Amino acid sequence: MRVLVTGGAGFIGSEIVRSLVSAGHEAVVLDALLPSAHRRAPSPPGGADGIIVADVRDREAVDRALRGIDAVCHQAAMVGLGKDFADAPDYVGCNDLGTAVLLAAMAGAGVRSLVVAGSMVVYGEGRYDCRRHGPVRPGPRTEADLDAGRFEPRCPSCEMQLVPGLVGEDAPVDPRNVYATTKLAQEHLASAWARATGGRAVSLRYHNVYGPGMPRDTPYAGVASFFRSALARGESPRVFEDGGQRRDFVHVRDVASANVVALQAVAEREPGAFAAYNTGSGQPHTIGEMAAALASAYGGPAPVVTGEYRLGDVRHVTADSRRLREELGWRPEVGFVPGMVQFAEEPLREAAAGLPA
């Protein structure tokens, strides 16, 4: 299979390319190679059949990249929460317009298999249960509660503190920031494309991906990169809230293998099919636990819990990834502790503040 990987020179994309080549496939990379994400132009990652340097919004370049392609793995995106709402046009342009241009080009080229990088942020807050009222969906946390250090969501009926659980793909979506909104829009576009063209699409809803090659020192990277960058500067990781936020940290190598499995499976789906799969380790940990494990593995200063917060952050969201395991046979292989040790030892990607590929 010959696969176009958009954003294929970036953190996750380059690992996907290596996994595709190891599995006997051919990979073509389309990447804008933005200076904000790539201090220097990389060589083709992992045996890729060259790099087409272009923005995914460039229809002519995308048409050229799609020649001879059997399937597309769409990773190109602006990621993270960014700095403030002024970033909104960039997020919508990169993520949603870029996806629309790609899908239109695929429709014209007759390419009918797609795997898109989704995100767990489409859920908003994760699954919660009230001991009195059962499953409930709390609203956004208020500034007053956050200022007072009341970080845990409470039952909207009785105000009791809620018990977090694993969120499944059938949970209602509730994007609570610009990035989350654009990721959900990407899924809607992919689903509409599949229905209109007889294509087949899968969205892998990544949970907190970490590992070697994450961009460092950028407000657009994930929390694992923030902590690892601080340790590299000899500083303590700064943990927001009380550190009790639950997440599912999944290694980039496992995410790459999930993409390879999904690309192999998507071609066998019925025409017009779209499906979303949570992609997580299945082993929730708090952000405080992750910071402590990483600092210990790095041999750096212990984390500092600051009590600070960001509006738009959710308290708990952890994956129920059984559907991906049961339907596609995927299994994560990198455990939390060995993954953090490897992450502490291997270098990050040098990048200025901007848009990671």
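Quick note: numbers below take in every heavy atom, side chains included, and nothing from hydrogens, waters or symmetry partners. Just so it is clear, the structure is predicted and the values come from calculations on it, not from any experiment.
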Practice item. Would you check, one step at a time, whether the test side chain to side chain contact (heavy atoms under 4.5 Å, CB included) holds for Cys158 with Arg132? Key: CA-CA 8 Å; Cys158 69; Arg132 184 178 301 168; 3.6 Å; yes
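- Using modelled atom types, one finds no donor on one side chain facing an acceptor on the other under 3.5 Å when comparing Glu333 with His251.
- Atoms CG and NZ, from Asn177 and Lys183 in turn, are 12.0 Å apart once rounded to the nearest 0.5 Å.
- Other residues, nucleotides and ligands place no more than 12 heavy atoms under 6.0 Å from the CZ atom of Arg131.
- Neither side chain, Asp96 nor Thr182, offers a donor N or O lying under 3.5 Å from an acceptor on the other.
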Check your understanding: Should Glu125 and Arg176 be marked as a side chain to side chain contact (heavy atoms under 4.5 Å, CB included) after you check the CA-CA gap, both sets of side-chain angles, and the distance that decides it?
Key -> CA-CA 9 Å; Glu125 289 284 355; Arg176 296 190 175 183; 3.2 Å; yes
Exercise for review: In sequence, state the C-alpha distance, the side-chain angles, and the governing distance for Phe343 and Tyr210, and then conclude on ring-ring contact (aromatic ring centres under 6.0 Å, His included).
Suggested key: CA-CA 8 Å; Phe343 184 42; Tyr210 74 97; 5.7 Å; yes
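- For the salt bridge (Lys or Arg N to Asp or Glu O under 4.0 Å) criterion with Glu241, the lone passing option out of Arg315, Arg246, Arg150 is Arg315.
- A continuous path of Ile, Leu, Val, Met, Phe, Trp and Tyr side chains, each step under 4.5 Å between heavy atoms, connects Met340 with Tyr206, placing both in one hydrophobic cluster.
- In this structure, a donor-acceptor pair under 3.5 Å is absent between the side chains of Ser157 and His133.
- Other residues, nucleotides and ligands contribute at most 12 non-hydrogen atoms within 6.0 Å of the CD atom of Glu270.
- Side-chain contact between Arg238 and Glu308 is present, with heavy atoms from C-beta onward closer than 4.5 Å.
- Here the CE-SG distance, from Met160 to Cys155, works out to 8.0 Å after rounding to the nearest 0.5 Å.
- Judged by distance alone, with hydrogens and angles left aside, the side-chain atoms of Asn95 form no donor-acceptor pair with the main-chain N or O of Ala77 at under 3.5 Å.
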Practice item. Go through Leu263 and Val3 one step at a time and tell me if the side chain to side chain contact (heavy atoms under 4.5 Å, CB included) criterion holds. Key: CA-CA 9 Å; Leu263 282 163; Val3 181; 4.0 Å; yes
Review point. When you look at His207 and Phe249, which way does the ring-ring contact (aromatic ring centres under 6.0 Å, His included) test go after all the steps?
Key: CA-CA 7 Å; His207 282 246; Phe249 298 97; over 10 Å; no
Exercise for review: Mind running salt bridge (charged side-chain N to carboxylate O under 4.0 Å, His left out) on Arg325 and Asp320 for me, showing each step along the way?
Suggested key: CA-CA 10 Å; Arg325 291 170 169 81; Asp320 182 345; over 6 Å; no
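- Contact of the Pro237 side chain with the Phe226 side chain is not registered, since no non-hydrogen atoms from C-beta on lie closer than 4.5 Å.
- The CH2 atom of Trp330 sits 6.0 Å away from atom OG of Ser257, with the distance rounded to the nearest 0.5 Å.
- Counting non-hydrogen atoms of other residues, nucleotides and ligands closer than 6.0 Å to CZ of Arg322 gives a total of 12 or fewer.
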Practice item. Determine, step by step, whether Val314 and Tyr123 satisfy the side chain to side chain contact (heavy atoms under 4.5 Å, CB included) criterion, reporting the C-alpha distance in whole Å, the side-chain angles of both residues, the deciding distance to 0.1 Å, and the verdict. Key: CA-CA 10 Å; Val314 298; Tyr123 298 116; over 6 Å; no
Listing, residues 286-301 side-chain donor-acceptor contacts under 3.5 Å, not counting sequence neighbours, or none:
residue	atom	partner	partner atom	Å
Thr286	OG1	Glu289	N	3.0
Glu289	OE1	His285	ND1	3.4
Glu289	OE1	Thr286	N	2.9

